[in-house]
Amino acid sequence: MGRPLTLALAQVPACRDVDGFAEHVTATLRRFPGTRLLAYPELHVTGESDMDAEPLTDGPRHRCFAELAGDLGVWLCPGTVAELGADGHVYNTAVVYSPGGEQAAAYRKVFPWRPHEPFRPGREFVVFPIPGVGRVGLSVCYDAWFPEVTRHLAWLGAELVLNVVRTDTADRAQEVVLARANATVNQLFVASVNAAGPTGAGHSVLAGPEGQVLAELPGSGAGVLTAVIDLDTVTAVRRHGSFGVTRVWEQMREDDEPIPMPLYGGALTPWAWAAAERRRTAPS
């Protein structure tokens, strides 16, 4: 493999207990010692109440996460947390901590599940680098239903999109379809980790850049989905085309006219589309 990344997706029910979470992380890495990126479902250790919210930078929960990632030497995504922003609003925020014990990324969910979620929508898409491996984009649950999210993450250079989920409704089957579709049309990996019962409906899935299911955990039972992916596969698929045919990132040419996009109040322009190639080939 050229750029291997060992993943572990923890399909488990909500914990709500930081100490219990730390024990599960430690046990999981003891069981799968080669794991480089370990991820948990949406709102795994916090609820939706304002009472659970704390700032990202100085809250005790986040200091615990950072120390845990540093002590165990792993890229750790504890799912999402209720973040108390400096503006006084509460966000549903996916966080990632590095093996150096530092917060590596924070993404505020752009599309909260309205009217059911009380959170403020985020405004920025987030991609972070794993040095020497590649780039990972973050999305949260309902974001997967909006193709703009995964498209922008791919445009920003993501080769893997980590979609953390807490779905306990009948549409989890459709979310699995969306994971494969988002992987297909953007030619990247999508890892969708859902909570186990009773918190969620399970069926976590890992889709490859041609839409194939590489691994899955059907059903709502607790477990850990593990896989090793090679991010050079993304490079090959984009260069040669999906199944040797489709090259979506080479669609626009310099002499093409901009395409009006009235839904967004803007246009799809050749120069902006081509920027995706520059990001893809830039060093991680």
Side-chain angles (χ1 to χ4, degrees), residues 1-7 36-37 39 75-77 93-100 102-111 122-140 143-144 146-164 178-193 206-211 214 227-242 246-254 261 264 266-284:
M1 284 190 174
R3 291 185 291 142
L5 178 62
T6 305
L7 301 172
R36 192 156 187 189
L37 173 61
W75 292 88
L76 177 64
C77 175
T93 303
V95 286
V96 177
Y97 297 86
S98 75
E102 299 177 343
Q103 183 179 296
Y107 163 70
R108 292 170 169 173
K109 186 177 183 180
V110 169
F111 291 103
R123 293 174 55 97
E124 296 182 4
F125 302 109
V126 174
V127 173
F128 69 94
I130 296 181
V133 178
R135 297 178 179 86
V136 180
L138 298 174
S139 74
V140 179
D143 285 333
F146 297 85
E148 300 85 354
V149 175
T150 310
R151 178 69 85 197
H152 273 84
L153 293 175
W155 185 77
L156 288 169
E159 297 160 296
L160 163 68
V161 169
L162 179 59
N163 178 235
V164 296
L178 290 172
R180 298 184 64 184
N182 283 323
T184 302
V185 299
N186 294 293
Q187 296 176 321
L188 44 61
F189 291 95
V190 172
S192 179
V193 53
L206 172 66
E210 291 175 305
L214 301 177
V228 182
I229 60 175
D230 184 359
L231 296 185
D232 271 351
T233 305
V234 172
T235 302
V237 169
R238 291 179 179 176
R239 177 179 299 143
H240 302 292
S242 297
T246 305
R247 298 177 177 86
V248 294
W249 293 108
E250 298 178 12
Q251 174 63 26
M252 299 199 74
R253 300 172 180 171
E254 291 185 5
M261 305 285 280
Y264 305 113
L268 180 59
T269 58
W271 65 266
W273 190 267
E277 177 67 12
R278 295 193 292 273
R279 290 186 177 92
R280 185 185 66 79
T281 56
S284 298

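- In terms of heavy-atom proximity, L160 sits nearest to L231 at CB-CD2, 4.5 Å.
- Between E159 and V234, the closest heavy-atom pair is O-CG2, 3.5 Å.
- Although no hydrogens or angles enter the test, the distance criterion places no donor-acceptor pair under 3.5 Å between the side chain of R36 and the main chain of L7.
- Checked by atom type and distance alone, the side chain of D230 pairs as donor or acceptor with a backbone atom of D232 at under 3.5 Å.
- Remark: the backbone N or O of T246 is paired with a side-chain donor or acceptor of Q187 at under 3.5 angstrom.
- In this structure the side chain of N186 never reaches within 4.5 angstrom of the side chain of V248, judged on heavy atoms.
- With contacts defined as side-chain heavy-atom distances shorter than 4.5 Å, the pair E148/V110 does not qualify.
- Counting heavy atoms from C-beta on, the side chains of V164 and C77 come closer than 4.5 Å.
- Note that the CZ atom of R3 and the CD1 atom of I130 stand 11.0 Å from one another [nearest 0.5 Å].
- Atoms OH and OG, on Y107 and S139 in that order, are 6.5 Å from each other to the nearest 0.5 Å.
- Remark: F125 CZ to R151 CZ distance equals 12.5 Å, nearest 0.5 Å.
- In this structure, W273 has its ring center closer than 6.0 angstrom to the ring center of W249.
- The side-chain heavy atoms of W75 and L162, taken from C-beta on, include no pair separated by under 4.5 Å.
- Across all non-hydrogen atoms, the minimal contact from A39 to V193 is O-CG2, 4.3 Å.
- Residues passing the side chain to side chain contact (heavy atoms under 4.5 Å, CB included) test with A179 are V190, S192, V205, sequence neighbours excluded.
- The minimum heavy-atom distance between L153 and L138, with the atom names listed, is CD1-O, 3.4 Å.
- Heavy-atom minimum distance, L188 versus A158: CD2-O, 3.5 Å.
- Nearest heavy-atom pair across A154 and R238 is CB-NH2, 4.0 Å.
- You'll find the side chain of S242 reaches within 4.5 Å of the side chain of E210, heavy atoms only.
- Listed for the N163 side chain is no donor-acceptor partner under 3.5 Å among the backbone atoms of A191.
- F146 contributes atom CZ, which lies 10.5 Å from atom CG of L178 (distance to the nearest 0.5 angstrom).
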